[in-house]
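For reference, the structure discussed in these notes is given below.
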Amino acid sequence: MSGDDDSSGWQLTESDPGVFTELLKSLGVPLIVDDLYSLEPSSLAPLHPVRALIFLFKWLPGAGEPDSTGGAYDTAFPGFFANQVVQNACATLAVLNALGNIPDLTAGPELRELLSFTAGMDPQTRGLAVTSADWLRAAHNALTEDAYHFVVYLPILGCVYELDGLKSSPITHGPYEDDGEGWVSRARGVIEARIATYPAGSVPDFSLLALHEDPLSTLQTELAEAQSSGDDPREADLTQRLVDEHAKRDRWAYFENSLRRHNYVGLIHSLTLALAKAGRLDAATDGARSAMRKRIEERRQKGRQMGGE
């Protein structure tokens, strides 16, 4: 959850896949995050295997109680679960609650040490230990902006779990079938039920992200196989997919995350003065408002798309 009180130096985090992927990279985890605009199997298939789904929404008091989605608190949960004990840490906490329950996770030395150190702690104590890690707070604060609450859904010990740091315990949504889509099929139903709890006629402001394996190495291997076998159509398709993946990473690295790290206050102040002196400030302000309204409407359209499925 976002807020101004008791942040303990943790800043707000933007709901953007590039932000999460950069955070994973800093933790030494070879996974990436992508936006999901639909919960249909055709949208999830290219991301297989999906390790976790991260649900982002504007937080409301009392929201997300397990009885609204058919779940139940699991007070005997044996896995990794940390409570959110400071404001603004929910994004990184959601990621850690997911990573801490992925078997055979590849991670950097600091994350491995943190997971080992907090083993056996109760959720409140674990949350205190996590948010006291200066290196983790620094990684979190390097990429900041928006005001959402973050929860994660993932498979643990044959059941779909919802891990929300503001809840006292993990929420179990029951076992899932291994065939077909596996755990994702049950998670879809839970998330759709969660979306349905919004008041009738309202436009929910939420987003959904998928935590999954980085496809680059697999695509490169498949491309080499297609080239050696002379499969030209397959080679062309894989080449384009690799181009798209590299372009996405370039956008994250050079346009999105780098801009978030830079302080543009001085530049903005100078531009504002220059526009005012030239008599163009009102027009620029109207243009900015129009662009913001367009961005809000795009968010709403994405919410309607997911909520209507």
Side-chain angles (χ1 to χ4, degrees), residues 13-24 31-59 63-64 69 90-91 94-95 98 143 145-155 160 162 164 173 180-198 201-216 218-219 237 240-253 255-257 260 291-309:
T13 301
E14 188 173 358
S15 53
D16 181 273
V19 169
F20 283 91
T21 299
E22 186 73 10
L23 176 62
L24 290 167
L31 301 175
I32 67 170
V33 172
D34 270 304
D35 269 318
L36 280 178
Y37 299 105
S38 169
L39 289 168
E40 289 298 309
S42 58
S43 297
L44 291 165
L47 308 179
H48 183 78
V50 176
R51 294 303 193 99
L53 296 172
I54 303 171
F55 189 56
L56 305 79
F57 57 95
K58 294 293 186 181
W59 184 83
T69 54
C90 53
V95 170
L143 303 159
E145 189 175 329
D146 217 337
Y148 282 79
H149 183 54
F150 302 72
V151 300
V152 63
Y153 297 87
L154 75 164
V160 171
E162 175 183 338
D164 181 345
H173 292 285
E181 292 182 274
W183 75 273
V184 172
S185 178
R186 177 168 288 276
R188 177 190 298 112
V190 174
I191 293 170
E192 289 174 344
R194 178 69 174 271
I195 293 171
T197 63
Y198 283 88
S202 69
V203 180
D205 191 0
F206 60 80
S207 185
L208 187 65
L209 303 171
L211 175 66
H212 64 101
E213 303 288 339
D214 190 333
L216 277 181
T218 300
L219 289 174
D237 175 64
Q240 185 58 55
R241 289 169 64 184
L242 276 167
V243 168
D244 293 342
E245 284 294 329
H246 283 296
K248 178 172 64 179
R249 285 159 174 76
D250 288 343
R251 184 176 69 251
W252 288 345
F255 292 98
E256 296 180 356
N257 293 332
R260 293 187 186 98
M292 179 57 71
R293 285 194 292 268
K294 181 180 178 181
R295 183 180 178 185
I296 292 172
E297 183 58 28
E298 288 173 350
R299 278 270 188 186
R300 288 175 174 170
Q301 289 296 334
K302 184 169 75 171
R304 291 191 188 103
Q305 260 190 328
M306 293 179 62
E309 292 171 355

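Only a predicted model underlies this, so the values are computations on that prediction, with no experimental measurement involved.
With contacts defined as side-chain heavy-atom distances shorter than 4.5 Å, the pair R249/D214 qualifies. Using a 4.5 Å cut-off on side-chain heavy atoms (C-beta onward), I32 and P215 make contact. For the pair R188/L53, no side-chain contact is recorded, criterion being any heavy-atom separation below 4.5 Å from C-beta on. Proximity of E213 to L31: side-chain heavy atoms (C-beta onward) are separated by under 4.5 Å at one or more points. By the 4.5 Å heavy-atom criterion applied to side chains, D35 and L209 are counted as neighbours.
With rounding to the nearest 0.5 angstrom, the CG atom of L242 is 10.0 Å from the CG atom of D237. Rounding to the nearest 0.5 Å gives a distance of 5.5 Å between CG of L208 and CG of L39. In this structure, CD on E162 lies 5.5 Å from OG1 on T69, to the nearest 0.5 angstrom.
When the shell of 6.0 Å around NE2 of H246 is examined, it contains more than 12 heavy atoms from other residues, nucleotides or ligands.
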Between L24 and L211, is the side chain to side chain contact (heavy atoms under 4.5 Å, CB included) condition met? List the steps.
CA-CA 10 Å; L24 290 167; L211 175 66; 3.4 Å; yes
One pair to check against side chain to side chain contact (heavy atoms under 4.5 Å, CB included): I195 and F55. What are the steps and the verdict?
CA-CA 10 Å; I195 293 171; F55 189 56; 4.2 Å; yes
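The two residues E181 and L44 come nearest to each other via the heavy atoms OE2-CD1, 4.1 Å. S43 approaches L36 most closely through the heavy-atom pair O-CD2, 4.3 Å. Here the closest non-hydrogen pair linking R51 and P155 is O-CD, 3.7 Å.
Using modelled atom types, one side-chain atom of W183 and one backbone atom of V50 make a donor-acceptor pair closer than 3.5 Å. The backbone N or O of H173 lies less than 3.5 Å from a partner atom in the side chain of R186, making a donor-acceptor pair.
The pair E245-R241 fails the salt-bridge criterion, with no side-chain N (NZ, NE, NH1 or NH2) lying under 4.0 Å from an Asp/Glu carboxylate O.
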